[in-house]
*Asks:* 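First, the structure itself, so that you have it in front of you.
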Amino acid sequence: MDDKKHIQSVAPSSRPKKYPQNKALLNKNNLEKALQIKGLKIELKESLKGGFISQVYSAVLDGTHVVVKHTSGSIPFDPTEMYLDKKSHDVDCQVLRNLQGNYKIRVPKLLYDFPDITTSVMENLYYQGFELMQNQIFDKNFSIEAAKSVGTMIGNLTIESRTWKKFPAVQTAVMSIYERGLELRQSYPNSQKEYLALEKKYIENNKFWSWPDCHPKNIFVNKKGEVVFIDFGYSQWGDQRFVLPSHLAHIVIYCLTGYINSGPAKEYIEKCVSAYKMVEPIDESIFCQYLAMEVFHRANGKWIDGVDHNEQKLALLKFGFTVFDDKINKINNLLKLINE
Ligand SMILES: Nc1ncnc2c1ncn2[C@@H]1O[C@H](COP(=O)(O)OP(=O)(O)O)[C@@H](O)[C@H]1O
Ligand SMILES: [Mg+2]
């Protein structure tokens, strides 16, 4: 066979795009120095999260425990990836500012914002008795205590954000659905009608603000069931109806992969949904499709911990295919798919 004639190279055939340069992340010492030059009496302690697009350190500022979040961006490493702009820092801080002091929606207190070094200083939630929902899940210690608060807070966030003045986001609705819907497209490669229908909905409903990163790694909870949301850098103007199902998709994912038992998982989802419904109606059909799309998105473990083995991946794929193939459009029926 003449390979050159029948096979097209996977290397991009167009000229590589010229992306704006993202400065490399400052290392711990330089970041501490940069903050001291700004006039802060601050000492950086251990890293809470290190990655190639952001670093978060616990720190002590004037004797108080705080966190320092320093953001960079990234150039796509393959054509299915997005360009991530370090200006996500500005989006994150804008949302935090919009919500400071809001008694219905709790976010960390923003103490300082330094846009020139894309760095913010916030209250340290670990010292306020909070822990990450993600850690509870991995410790097999997931508590359904927070379900009602999470549902109510997502509902309130949905409504409150409709009053916000539009600010620039780094992710558009098109980018977001393109990224999160990729695995759904690949699951129905011939017509892609399942994806195209959702893409249309996500893009057309872009009048309001949407936060698709409402996953357990961005939610702090405490023993009293109180909740704090963090990490809004990649929020955008898109379909708000995606926020709740994208959160609950992660409860389904961690149930099907063996971290949460199906009893508590179902109870959490039911409580969260009914709390949200007290604030904002739910279109159950779109809810089921968005949730299954997110399960497909994570089925190979993309940007998520804990999805490692073939049994886990197959369970997630089976769930996604069942929702779309059987046209499941009621939350009650969706919950039947996570029976033991
Ligand atoms: N206000 C905070 N208090 C305590 N820990 C925090 C706070 N903000 C972030 N963190 C820690 O840093 C991690 C990453 O922060 P996040 O804002 O989600 O950044 P990223 O965009 O890199 O996901 C969180 O999962 C949490 O462990
Ligand atoms: Mg995060």
Side-chain angles (χ1 to χ4, degrees), residues 22 24-26 28 31 35 42 44-61 64-74 81-102 105-114 117-139 146 150 153 169-171 176 179-180 210-222 226-236 243 246-247 249-250 253-254 294 297-298 302-306:
N22 281 302
L25 286 164
L26 292 173
K28 187 177 168 184
L31 183 57
L35 291 170
I42 196 159
L44 264 53
K45 303 281 185 191
E46 81 273 12
S47 163
L48 296 174
K49 192 238 169 185
F52 67 110
I53 59 163
S54 82
Q55 281 171 2
V56 182
Y57 294 97
S58 109
V60 177
L61 171 71
T64 312
H65 293 281
V66 296
V67 298
V68 172
K69 179 174 175 180
H70 177 52
T71 301
S72 176
S74 86
E81 291 304 325
M82 294 288 147
Y83 167 70
L84 300 178
D85 196 305
K86 68 177 189 310
K87 289 203 174 77
S88 66
H89 163 88
D90 296 343
V91 182
D92 196 11
C93 288
Q94 181 63 56
V95 173
L96 289 175
R97 274 194 291 274
N98 286 357
L99 293 170
Q100 292 295 289
N102 188 308
I105 306 142
R106 184 155 174 201
V107 296
K109 280 194 200 81
L110 178 65
L111 305 170
Y112 292 95
D113 168 17
F114 300 111
I117 50 166
T118 54
T119 301
S120 55
V121 182
M122 296 173 270
E123 76 174 304
N124 188 332
L125 295 164
Y126 287 110
Y127 284 83
Q128 313 286 326
F130 286 93
E131 64 171 328
L132 271 186
M133 184 183 274
Q134 175 93 343
N135 291 353
Q136 276 194 345
I137 292 173
F138 286 152
D139 294 346
V150 172
M153 232 160 83
V170 299
Q171 266 213 344
S176 193
E179 186 193 17
R180 292 182 185 263
S210 166
W211 178 46
D213 286 325
C214 184
H215 49 69
K217 243 176 151 171
N218 290 332
I219 297 180
F220 276 91
V221 292
N222 71 7
E226 292 169 337
V227 172
V228 187
F229 291 158
I230 62 163
D231 198 6
F232 304 101
Y234 291 98
S235 58
Q236 69 230 217
V243 183
S246 83
H247 169 62
H250 292 85
I253 290 164
Y254 286 122
E294 183 73 7
H297 176 49
R298 304 294 196 182
K302 178 132 188 182
W303 302 137
I304 195 175
D305 294 324

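This structure is a prediction, so every number in the text was calculated from the model and none was measured. For ligands, and for the atoms within them, numbers begin at 1 and follow the listed sequence.
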*Asks:* Compare Asp213, Val67, Val228, Asp92 and give the one whose heavy atom is closest to atom 2 (C) of ligand 1.
*Replies:* Val67

*Asks:* Any side-chain donor paired with an acceptor under 3.5 Å for Gln94 and Asn98?
*Replies:* yes

*Asks:* Please find out if the Mg ion (ligand 2) and some N, O or S atom of Ser54 are separated by less than 2.8 Å.
*Replies:* no

*Asks:* From Asp213, does some N, O or S atom reach closer than 2.8 Å to the Mg ion (ligand 2)?
*Replies:* no

*Asks:* Just jot down the ligand 1 atoms closer than 4.0 angstrom to any heavy atom of Leu48, in number order.
*Replies:* 5 (N)

*Asks:* Where is the nearest protein heavy atom to atom 22 (O) of ligand 1: which residue, which atom, and how far?
*Replies:* Ser54 OG, 2.4 Å

*Asks:* Return the option from Val56, Thr71, Val68 holding the heavy atom at the smallest distance from atom 11 (C) of ligand 1.
*Replies:* Val56

*Asks:* Could you pull out, from Asn124, Leu96, Asn135, the option with a heavy atom nearest to atom 4 (C) of ligand 1?
*Replies:* Asn124

*Asks:* Nearest non-hydrogen atom to atom 24 (C) of ligand 1 belongs to which of Leu125, Asp231, Ile230?
*Replies:* Ile230

*Asks:* Heavy atom of Phe220 under 4.0 Å from ligand 1?
*Replies:* yes

*Asks:* Out of the N/O/S atoms in Asp231, what is the name of the one closest to the Mg ion (ligand 2)?
*Replies:* OD2

*Asks:* Looking only at protein heavy atoms, identify the closest one to atom 1 (N) of ligand 1 and say how far it is in Å.
*Replies:* Glu123 O, 2.9 Å

